[in-house]
Each structure stands twice: as structure tokens, then as C-alpha cells.
Amino acid sequence: QVQLVESGGGLVQAGGSLRLSCAASGHTFSTNAMGWFRQAPGKEREFVSVINWSGGYTAYSDSVKDRFTISRDNAKNTGYLQMNSLRPEDTAVYYCAAGPVSTTSLNDFPYWGQGTQVTVSS
């Protein structure tokens, strides 16, 4: 079992930056891939980024590529999403997730946090 708690969300102006954190408990975090997903009001939850267990593989959605950076520190059982050059369309609840494979499909992630709100004003 892995329990996940996100933090770091908030209100920021367009062009600003935020760093989300995902604190994990449970001894299997370091062997799991970690993903970030987001859900805007009235929309389906969508893939943002994923990192494999070692940090040697990462992937991003086209909408955030070159602006967001995913990372992890297994010694601290924590994952991160650095978000730069934020846009109003990035406004959403951001969720971290953990699972056995590094995929873009939310159905492949059995463990989820409660989410953190990110609001980008224009």
C-alpha cells in the first residue's frame, strides 16, 4: 500500500511558477512509478507527467512539455512537479498517483492522493 499527500498548490498569476510535492508513505514508493494528473472543472482527469521508479525515464503531455519538470527523491519518499510559465488553462486540481508501470493511463495507477488546487489568473 502507498498513501499519497499532495501539497504546494495555490493561486498564481500567468507566467508564474509553483512546485507541487507528493509525500508518500509505505515502503513500496521507491519501486513504483509516479504520475501527475489534473482535472479541470467539467473535464475528465488527464495525464500530465510520469516518472519511473529510478527517475531515469520521464514523459510529459504535449500541453506541459518544456514548462513542467517531474522529479523524485526516493530517500525522502517524495515526488515533485515543478511548473513554470503557468497559463490560465493549467488551472485544475492536480493529483499524484503511484503504480507499477510508467504509463500515461490513469487506469494503471492504483494509488492516488486527494489532490491540490492550482489556479492561474490571467
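This is a predicted model, so every value here is computed, not measured.
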Any chance you could measure N74, atom CG, to N32, atom CG, to the nearest 0.5 Å?
-> 10.0 Å
Establish, yes or no, whether the cationic atom of R72 lies under 6.0 Å from the six-membered ring centre of W53 and within 45° of the ring axis.
-> no
Specify the closest pair of heavy atoms between Y94 and L20, including all atoms of both residues, with the distance to one decimal.
-> CB-CD1, 3.6 Å
Answer with yes or no whether the hydrophobic clustering places Y80 together with F68; edges join I, L, V, M, F, W, Y residues whose side-chain heavy atoms lie under 4.5 Å apart.
-> no
Any side-chain heavy atom of R38 within less than 4.5 Å of one from E46?
-> yes
Above 12 or not: heavy atoms from other molecules or residues under 6.0 Å from CD of Q13?
-> no
Out of curiosity, S61 OG to F47 CZ, how far, rounded to the nearest 0.5 Å?
-> 6.5 Å
Looking only at side chains, do S25 and Q3 share a donor and an acceptor under 3.5 Å apart?
-> yes
Distance from T116 atom OG1 to L81 atom CG, nearest 0.5 Å?
-> 11.0 Å
Under the 3.5 angstrom rule, does the side chain of R19 hit a backbone N or O of Q82 as a donor-acceptor pair?
-> no
Is there a side-chain contact between Y60 and V50, using heavy atoms and a 4.5 Å cut-off?
-> no
Polar side chain donor-acceptor pair, S105 to T103, under 3.5 angstrom | no
Atom pair CH2/CG of W112 and L106 - distance to nearest 0.5 Å | 5.0 Å
Please name the pair of heavy atoms, one in A98 and one in L4, separated by the smallest distance, quoted to 0.1 Å.
-> N-CD1, 3.7 Å
Quick one: do the T78 and D73 side chains pair a donor with an acceptor below 3.5 Å?
-> no
For residues E6 and W36, report the shortest heavy-atom separation together with the two atoms involved.
-> CG-CZ3, 3.9 Å
At their closest point, which heavy atom of G79 faces which heavy atom of F29, and how far apart are they?
-> N-CZ, 4.2 Å
Might you point out which heavy atoms bring Q117 and V93 nearest each other, and give the distance in Å?
-> OE1-CG2, 3.2 Å
So, do P100 and P110 sit near enough that their side-chain heavy atoms are less than 4.5 Å apart?
-> yes
Closest contact, heavy atoms only, V120 versus T91 | N-OG1, 2.9 Å
How many angstroms lie between OG in S17 and CE in M83, if you round to the nearest 0.5 Å?
-> 8.5 Å
Can you find a pair of side-chain heavy atoms, one from Y95 and one from Q39, that are under 4.5 Å apart?
-> yes
Nearest 0.5 Å please: distance from the NZ atom of K76 over to the OG atom of S30.
-> 15.5 Å
Near-ring test F37/F109, centroid separation under 6.0 angstrom = yes
